[in-house]
Amino acid sequence: MLEQAIRKHYPAALASLVRRVQSLDLAEDCLQEACSRALDDWSRQGLPDEPGAWLVRVGHRLAIDHFRKQHRWDKLAPYIAHEMETAEQNSAHHLEQCAQEQVFAEDALLRLIFTCCHPALAFENQVAMALKHLMGLNLQEIARAFLQNPRAIEQRLTRAKRKISTANIPYHIPRAADLPERIDAVLTVLYLIFNEGYCSSDTDHPIRLDLCDQAIHLTRSIHRLAPEHAETQGLLALMLGHRARHYARLSPLGEWVPMEHQDRTLWDQQLIQLADHYLTQALQLGRAGPYQLQAAIVALHNQASTFETTDWKQILLLYNLLQDIQPSPVVRLNRVVALWYATGDATQAQAALTKLREDQPRLTQYLGYHITQAHLLEALNRAEEAQTAYKNALELSANSAERKVLIKKINRFSSQSH
Amino acid sequence: MKYLALIYHTPDALDGLSEADIQALMDEHSQLQKKSKAEGRFVVADRLEDATSATTLSRPDGKLMISDGPFSETKEVLVGYYLFDCDHLDQAIELAGMIPMPNGTKVEVRPVKNHIE
């Protein structure tokens with residue numbers, strides 16, 4: 001319980017502290033100490049009204065102590081002034097102060113996002129930094145998501161921090177001219193994290209809702225900073241549209257429920273509406289991009305009251321557009337699926353899939369390919385080949401809920417053949 | 001804080017450029033120099049002679065070895081550099097990004113090690 005509260009407030013608290021002390025290392029050390037004090041203090045006295053503010057206050061005090069010990073009077077002067085101001089302030093000022101604090105915290109969080117996702121850092125290092133500092137995950141959790149050992153992750157983080165300090169990567173919100181591209185870099189990281197939360201490689205937790213929600217929260221911050229950035233709203237719509245289906249995605253036995261069989265009354269209509277709202281706004285800006293197109297596809301799924309009444313023709317049209325601007329193997333694979341459902345012609349879809357695999361041999365490393373292949377072969381009554389495809393999929397799957405479904409499928413084939 | 005922007009391209013990258021193309025490149029360089037000087041961020045910039053004019057020194061066994069040509073065996077060679085004085089990497093990227101980069105030219109931005117005073 002307490003640990004959850006700490007995790008929830010960790011990223012914003014860290015951002016506020018970095019902004020105050022201008023050093024990621026020091027802010028991290030102080031916040032870690034503040035967190036262990038929080039565990040102790042809160043278990044005795046209960047959760048404070050504003051746990052985030054509590055962490056920042058204690059962390060900040062520790063940083064000031066640090067500067068005192070180091071005799072860094074230059075760094076101390078503004079804090080002493082700030083403390084005196086705080087002591088003098090009366091309650092009339094309090095509300096204004098709170099509003100200012102909120103602006104300050106938001107600004108601090110944005111700075112931290114842009115520092116962690118700076119394109120001068122290797123992409124994998126950006127992701128590691130974001131998972132640690134924006135999501136509040138520990139080394140073990142990051143290692144599990146990356147399927148790497150914690151030592152390797154620690155090295156990534158060390159390398160990233162060293163680069164930030166030696167190359168002097170600024171802790172700021174980029175200037176307007178750089179903003180669109182820098183936001184694109186941030187969105188790539190946030191979407192990757194959302195996906196890791198949505199279908200986690202963590203064997204104990206098939207879904208990490210905390211990652212999904214924090215990714216949404218941070219994307220919203222970017223949206224507030226740049227309301228005219230269409231793809232930010234597109235990504236927001238995409239994440240919310242997926243998030244809306246959360247309660248229908250796992251069976252009571254912890255198995256994935258494919259969209260086809262999901263109980264659609266469990267879908268969150270409020271989130272679906274919110275997603276539609278962002279998507280409509282984004283499309284009005286007239287700069288369609290991959291996130292908006294994917295969000296539109298998700299919206300069409302969410303609108304259908306049954307799987308059978310899904311507007312596959314329009315979905316296929318959107319995949320055609322998406323494939324034009326982002327001809328990645330995964331997009332092309334999804335287009336084949338849309339083609340199948342839009343035409344009802346499994347033979348044609350199988351031919352398209354075979355051609356795609358010949359063009360993109362790397363696709364066989366991708367789990368989704370084998371699942372699509374298995375579904376198609378099943379539809380074509382090629383049971384033996386379908387079973388092999390499911391086995392290939394199982395080999396590539398790290399998600400526990402997915403593995404359960406795949407094992408069941410494979411076993412069903414075996415019992416049929418006997 | 002100083003940043004060195006090192007400019008690399010293949011030896012034939014500028015072959016076949018018309019005089020007007022070359023003039024356009026020079027104009028871009030002068031714009032960059034004008035801007036960085038106005039901002040007080042320009043330190044020095046030079047274009048290097050052809051890489052075939054390079055002489056490489058080493059001391060494999062303590063004895064000075066002198067050999068002809070550039071040290072690096074990559075296809076790209078160092079053709080010039082800028083030294084900027086900036087507050088942070090984004091400023092350096094902003095200026096170095098103005099360096100014209102025809103035909104696969106690459107610019108590497110490296111912070112200069114701080115002297116400890």
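Within every chain, numbering begins at 1; the chains are lettered A, B, ... in the order of the sequence lines, protein sequences first and strands thereafter. For the numbers below, each heavy atom of this structure counts, side chains included, while hydrogens, waters and symmetry mates do not.
At most 12 heavy atoms of other shown residues, nucleotides or ligands fall within 6.0 angstrom of atom CZ in Arg110(B). Within 6.0 Å of atom CZ in Phe71(B), 12 or fewer heavy atoms from other residues, nucleotides or ligands are found, so the atom counts as exposed in its surroundings. Heavy atoms from other residues, nucleotides or ligands lying under 6.0 Å from CZ of Arg224(A) number more than 12. Within a 6.0 Å sphere centred on CD of Gln32(A), other residues, nucleotides and ligands contribute more than 12 heavy atoms.
For residues 156-179 of chain A, the interface with chain B (any heavy-atom pair closer than 4.5 Å) comprises Thr166(A), Ala167(A), Asn168(A), Ile169(A), Pro170(A), His172(A), Arg175(A), sorted by residue number. Contacts from residues 84-108 of chain B to chain A, taken as heavy-atom pairs separated by less than 4.5 Å, involve Asp87(B), His88(B), Leu89(B), Asp90(B), Ile93(B), Glu94(B) in sequence order.
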